[in-house]
Peer 1: 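Dumping the structure here so I can ask a few things about it.
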Amino acid sequence: MGGIIFWAIIRTAILIILLWVFSDWFEYKYWWAILSLTVYGFIIHPAVVQYKLFLAKNREVLTNTLCSSCKHFDETAVLCLKYDKHPTKYDIPCEGAEWEPE
Ligand code: SF4
């Protein structure tokens, strides 16, 4: 999840520079349309696609593991907060010994 936010910030910085550099190329009356389209196409849409890929990649861990029902599990980062490790479908960091219900 942090990677999605990080790259959204990087794309935002790049977009600000590009819009500033090319601001003389388009008329002011089109500014809001260009701004809206570029923000959606360059920042929001890629972030949504990345988030969907993140959910698809981690679906098994988020729904079908012991960690998914544990109070130490952070779903947004797919992280065990107690061990500071990423559980996988085949690797539960505590091997079930530290599981606590939510
Ligand atoms: S304490 Fe154990 S069961 Fe709970 S999230 Fe961490 S590894 Fe998973």
Side-chain angles (χ1 to χ4, degrees):
M1 188 67 87
I4 296 171
I5 295 169
F6 172 78
W7 285 110
I9 292 170
I10 296 296
R11 286 193 303 272
T12 302
I14 292 170
L15 183 62
I16 289 170
I17 293 168
L18 289 176
L19 286 174
W20 181 70
V21 167
F22 293 107
S23 62
D24 290 338
W25 288 33
F26 41 80
E27 292 183 38
Y28 185 73
K29 64 182 177 181
Y30 299 122
W31 174 250
W32 288 109
I34 290 169
L35 181 66
S36 302
L37 290 173
T38 53
V39 165
Y40 178 78
F42 200 64
I43 299 170
I44 296 173
H45 183 68
V48 169
V49 170
Q50 283 182 309
Y51 182 67
K52 286 181 178 177
L53 290 173
F54 170 81
L55 286 181
K57 180 182 166 191
N58 294 295
R59 182 165 291 131
E60 283 285 325
V61 178
L62 290 169
T63 57
N64 293 332
T65 62
L66 188 64
C67 295
S68 64
S69 61
C70 179
K71 77 174 191 181
H72 301 296
F73 186 59
D74 180 5
E75 291 183 0
T76 60
V78 191
L79 179 73
C80 170
L81 298 173
K82 190 160 191 150
Y83 283 74
D84 197 26
K85 288 185 176 177
H86 295 282
T88 66
K89 184 179 174 184
Y90 304 106
D91 180 34
I92 308 274
C94 75
E95 297 180 351
E98 303 288 339
W99 179 83
E100 291 182 56
E102 291 181 277

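Values below: all heavy atoms of this structure, side chains included; hydrogens, waters and symmetry mates excluded.
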Peer 1: Output yes when a side-chain donor or acceptor of N58 lies under 3.5 Å from a complementary backbone atom of F54, and no otherwise.
Peer 2: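 Checked: pair present.
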Peer 1: Is W7 atom CH2 crowded by more than 12 heavy atoms from other residues, nucleotides or ligands, each under 6.0 Å away?
Peer 2: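 Atom CH2 in W7 is not crowded, with 12 or fewer foreign heavy atoms closer than 6.0 Å.
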Peer 1: Who passes salt bridge (charged side-chain N to carboxylate O under 4.0 Å, His left out) against K82, sequence neighbours left out?
Peer 2: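 Listed in chain order: E98.
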Peer 1: Test of understanding: clusters of I, L, V, M, F, W, Y form through side-chain heavy atoms closer than 4.5 Å, transitively. Do V39 and V49 belong to the same one?
Peer 2: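 No, it is not one cluster - the side chains of V39 and V49 are not joined through contacts under 4.5 Å.
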Peer 1: To the nearest 0.5 Å, how far apart are CD1 in I34 and OG in S23?
Peer 2: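 Between I34 CD1 and S23 OG, I get 10.0 Å after rounding to 0.5 Å.
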Peer 1: Apply ring-ring contact (aromatic ring centres under 6.0 Å, His included) to F22 and list each qualifying residue two or more places apart in sequence or on a separate chain.
Peer 2: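 If we apply the ring-ring contact (aromatic ring centres under 6.0 Å, His included) test to F22, skipping adjacent residues, the hits are W25.
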Peer 1: For C80 and P87, which heavy atoms make the closest approach, and how far apart are they?
Peer 2: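 In this case the closest contact between C80 and P87 is N-CD, 3.8 Å.
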Peer 1: How long is the gap from OG1 on T65 to CD1 on I92, to the nearest 0.5 Å?
Peer 2: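 Output value for this atom pair is 5.0 Å.
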Peer 1: Give me the other members of the hydrophobic cluster that L81 sits in, counting Ile, Leu, Val, Met, Phe, Trp and Tyr linked by side-chain heavy atoms under 4.5 Å, directly or via other members.
Peer 2: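 L79, which link up through side-chain heavy atoms under 4.5 Å apart, make up the rest of the cluster.
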Peer 1: Testing the basics here: between L15 and I43, what is the closest heavy-atom pair and its distance to 0.1 Å?
Peer 2: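 That would be CD2-CD1, 3.7 Å.
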Peer 1: Return the minimal non-hydrogen interatomic distance between P93 and K85, and the atom names on each side.
Peer 2: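 Minimum heavy-atom separation between P93 and K85: CG-CB, 3.9 Å.
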Peer 1: Given the rule that I, L, V, M, F, W and Y join up when any side-chain heavy atoms are under 4.5 Å apart, are I14 and I5 in one cluster?
Peer 2: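 Shared cluster, no.
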Peer 1: With clusters defined by side-chain heavy atoms of hydrophobic residues (ILVMFWY) lying less than 4.5 Å apart, directly or transitively, does V78 cluster with L53?
Peer 2: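 Cluster IDs for L53 and V78 differ.
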Peer 1: Quick one: list whatever passes side-chain hydrogen bond (donor to acceptor under 3.5 Å, both in side chains) with D91, sequence neighbours left out.
Peer 2: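 Once residues adjacent in sequence are excluded, D91 has no partner under the side-chain hydrogen bond (donor to acceptor under 3.5 Å, both in side chains) criterion.
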Peer 1: Given side chains that start at C-beta, do those of F73 and L66 come closer than 4.5 Å, heavy atoms only?
Peer 2: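 Not touching, per the 4.5 Å side-chain cut-off.
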Peer 1: If you look only at pairs with a residue in residues 82-102, which of them pass as a ring-ring contact (aromatic ring centres under 6.0 Å, His included), with sequence neighbours excluded?
Peer 2: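 Every pair satisfying ring-ring contact (aromatic ring centres under 6.0 Å, His included) with a residue in residues 82-102: there are none.
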Peer 1: With a 4.5 Å limit on heavy-atom distance, are the side chains of L62 and E75 in contact?
Peer 2: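 Yes, side chains in contact.
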Peer 1: What distance separates T38 OG1 from R11 CZ, expressed to the nearest 0.5 Å?
Peer 2: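 Between atom OG1 of T38 and atom CZ of R11 there are 12.5 Å.
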Peer 1: Is it true that I17 and I9 fall in one hydrophobic cluster, defined by side-chain heavy atoms closer than 4.5 Å?
Peer 2: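 Unlinked, I17 and I9 end up in two clusters.
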Peer 1: With rounding to the nearest 0.5 Å, note down the distance linking CZ in F42 to OG1 in T12.
Peer 2: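 Here the interatomic distance stands at 9.0 Å.
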Peer 1: Search all heavy atoms of T63 against all heavy atoms of S68 and return the closest pair with its distance.
Peer 2: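 Taking T63 first and S68 second, the nearest heavy atoms are O-OG, 3.7 Å.
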Peer 1: Group every Ile, Leu, Val, Met, Phe, Trp and Tyr by side-chain heavy-atom contacts under 4.5 Å, then state whether Y30 and W20 land in the same group.
Peer 2: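 Same cluster: Y30 reaches W20 through Ile, Leu, Val, Met, Phe, Trp or Tyr contacts under 4.5 Å.
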Peer 1: Can you list the residues that meet the side-chain hydrogen bond (donor to acceptor under 3.5 Å, both in side chains) rule with K52, with sequence neighbours excluded?
Peer 2: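 Here no residue qualifies.
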Peer 1: Would you indicate whether E100, at its atom CD, is surrounded by more than 12 heavy atoms from other residues, nucleotides or ligands within a distance under 6.0 Å?
Peer 2: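 Buried by this count: over 12 neighbours within 6.0 Å.
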